[in-house]
Amino acid sequence: MQRREGWHVPDADQVALEIILREVDDLRTDILPLTDKHRTAIQAGGNVGIWPIELAMHFARVVTVEPDEFNHAAMMANLDERLLGANRARVMAYRGAFGAQPGTGAMDRFDPHNVGAHRVADGAEFAIMRIDSLEIEDCDLLCLDVEGFEHFAVQGAERTIKRSWPTIVLELKGLGERYGVTDVDTITMLADWGYMIAGHVHRDVIFRRRP
């Protein structure tokens, strides 16, 4: 593990840290204004912890997952160093991934020098869990950047979504096609559940429940 710009980062990374530090500002400028309440935020992938740490400044509780062992180790180090006391207690961080059904997965380090580009593959390195299994009843933000696995994570959150109607933020840039789904499939699924597109920021699409 190395230290760059004050953050613990996996040794291999040459790309992701700068991108994440630049885009985390989107939370304050584009996402929070479309989020009515700030009770629980569910977020993935946790990566090295920058997004969960920022979310902890705005939400009473943050639940995050990160499947890559090196990212997860860096995330835990950053959480423990940067969040103290009550703020640290706000964040529940797990090694794993969100999906449509419980199971296991492995890491495909598609671009080894970009630790934000790792993707879920078949294997048994970590657990895949359904968001609904968390039994969260007060989710106000669901924010997913999981390299094409967004559709399945949302499928596994149907009960949570229809219980709390959170603002949903998904990175949609066509990567779901590697798993057999398109961005249109995901947008249509959410539309069927009563959601509409409320905005865009970079490659992220922001969804809100239709009035």
Side-chain angles (χ1 to χ4, degrees), residues 1-28 31-32 40-99 103-129 131 134 141-150 152-153 169-171 173 175 201-204:
M1 193 183 305
Q2 61 176 302
R3 204 174 172 90
R4 280 201 344 260
E5 300 190 38
W7 295 89
H8 298 283
V9 184
D11 289 332
D13 185 59
Q14 300 176 12
V15 177
L17 179 65
E18 286 71 21
I19 295 172
I20 298 168
L21 288 173
R22 182 172 67 247
E23 294 186 353
V24 74
D25 289 339
D26 298 340
L27 177 66
R28 293 184 294 271
I31 297 171
L32 288 179
T40 296
I42 301 174
Q43 185 270 338
N47 201 265
V48 300
I50 294 170
W51 273 84
I53 288 168
E54 181 62 32
L55 285 165
M57 301 295 101
H58 305 280
F59 287 82
R61 176 172 55 166
V62 178
V63 180
T64 186
V65 294
E66 170 53 49
D68 180 75
E69 62 177 311
F70 304 109
N71 286 350
H72 182 264
M75 175 173 68
M76 299 307 293
N78 287 320
L79 287 171
D80 291 341
E81 182 176 287
R82 289 176 172 264
L83 295 178
L84 303 175
N87 283 338
R88 178 64 183 88
R90 293 175 188 264
V91 181
M92 302 166 61
Y94 304 97
R95 184 178 174 210
F98 293 137
T104 62
M107 277 285 89
D108 177 1
R109 295 182 176 86
F110 173 74
D111 179 354
H113 299 303
N114 179 0
V115 301
H118 300 339
R119 57 198 190 190
V120 174
D122 292 337
E125 295 178 8
F126 52 81
I128 295 176
M129 70 184 82
I131 288 172
L134 299 170
L141 176 65
L142 175 60
C143 188
L144 304 174
D145 178 354
V146 288
E147 299 304 299
F149 219 63
E150 287 83 1
F152 308 103
V169 183
L170 306 177
E171 185 186 57
K173 56 180 182 180
L175 296 183
V201 53
H202 299 299
R203 298 165 297 182
D204 294 340

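Values in this document were obtained by computation on a predicted structure and should not be read as measured data.
For A153, the side chain to side chain contact (heavy atoms under 4.5 Å, CB included) partners are F98, L144, not counting sequence neighbours. Remark: I128 pairs with A97, V120, F126 by the side chain to side chain contact (heavy atoms under 4.5 Å, CB included) rule, at least two apart or across chains. Scored by the salt bridge (Lys or Arg N to Asp or Glu O under 4.0 Å) test, R90 finds no partners at all (sequence neighbours excluded). With sequence neighbours excluded, the residues forming a salt bridge (Lys or Arg N to Asp or Glu O under 4.0 Å) with E81 are R3, listed by chain and number. Not a single side chain to side chain donor-acceptor pair (under 3.5 Å) links E150 to another residue, sequence neighbours left out. Applying the salt bridge (Lys or Arg N to Asp or Glu O under 4.0 Å) criterion to R119, with sequence neighbours excluded, gives D108. Legend: residues meeting side chain to side chain donor-acceptor pair (under 3.5 Å) with E69, ordered by chain and number and at least two apart, are absent. Every residue meeting the side chain to side chain donor-acceptor pair (under 3.5 Å) condition with D80, not counting sequence neighbours, appears here in chain and number order: R88. Taking F59 as the reference, H38 meet the ring-ring contact (aromatic ring centres under 6.0 Å, His included) condition, with sequence neighbours excluded.
Side chain of E125 to main chain of G105: no donor-acceptor pair is present (N/O by atom type, distance under 3.5 Å, no hydrogens or angles). Checked by atom type and distance alone, the side chain of D11 pairs as donor or acceptor with a backbone atom of M1 at under 3.5 Å. One N or O on the side chain of N78 and one on the backbone of H8 form a donor-acceptor pair closer than 3.5 Å. The backbone N or O of A127 sits nowhere less than 3.5 Å from a side-chain atom of T104 that would complete a donor-acceptor pair.
Rounded to the nearest 0.5 Å, atoms OH (Y94) and CE (M76) are 10.5 Å apart. Taken to the nearest 0.5 Å, the NE2 atom of H202 stands 12.0 Å off from the CG atom of D145. Interatomic distance, D26 CG to L32 CG, rounded to the nearest 0.5 Å: 10.5 Å. One distance of note links OG1 of T64 with CD of Q43; it measures 4.0 Å at 0.5 Å rounding. Interatomic distance, SG of C143 versus CD1 of I31, reported as 5.0 Å (0.5 Å rounding).
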Evaluate L83 against V91 for side chain to side chain contact (heavy atoms under 4.5 Å, CB included), listing each step before the verdict. CA-CA 9 Å; L83 295 178; V91 181; 3.7 Å; yes
Begin with the C-alpha distance, continue with both residues' side-chain angles, and end with the deciding distance and a verdict on side chain to side chain contact (heavy atoms under 4.5 Å, CB included) for V169 and L142. CA-CA 6 Å; V169 183; L142 175 60; over 6 Å; no
Evaluate V115 against F70 for side chain to side chain contact (heavy atoms under 4.5 Å, CB included), listing each step before the verdict. CA-CA 9 Å; V115 301; F70 304 109; over 6 Å; no
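The nearest pair of heavy atoms linking P10 to V48 is CD-CG1, 3.7 Å. For the residue pair L79 and A93, the shortest heavy atom distance occurs at CD1-CB, 3.8 Å. Looking at every heavy atom in both residues, M75 comes nearest to P52 through SD-CG, 4.4 Å. Listed here is the closest heavy atom pair of A12 and P112: CB-O, 3.4 Å. Considering all non-hydrogen atoms of both residues, N87 and A56 come closest at O-CB, 4.4 Å. V15 and D13 get closest at one heavy-atom pair: N-OD1, 3.4 Å.
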Identify all side-chain donor-acceptor contacts of residues 17-25 below 3.5 Å with residues at least two apart in sequence or on another chain.
from : atom 1 : to  : atom 2 : distance (Å)
E18  : OE1    : R4  : NH2    : 3.1
E18  : OE2    : R4  : NH2    : 3.3
D25  : OD1    : R28 : NH2    : 2.2

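Among residue pairs with one or both ends in residues 58-68, those qualifying as salt bridge (Lys or Arg N to Asp or Glu O under 4.0 Å) are R61-D138, D68-R109; sequence neighbours excluded.
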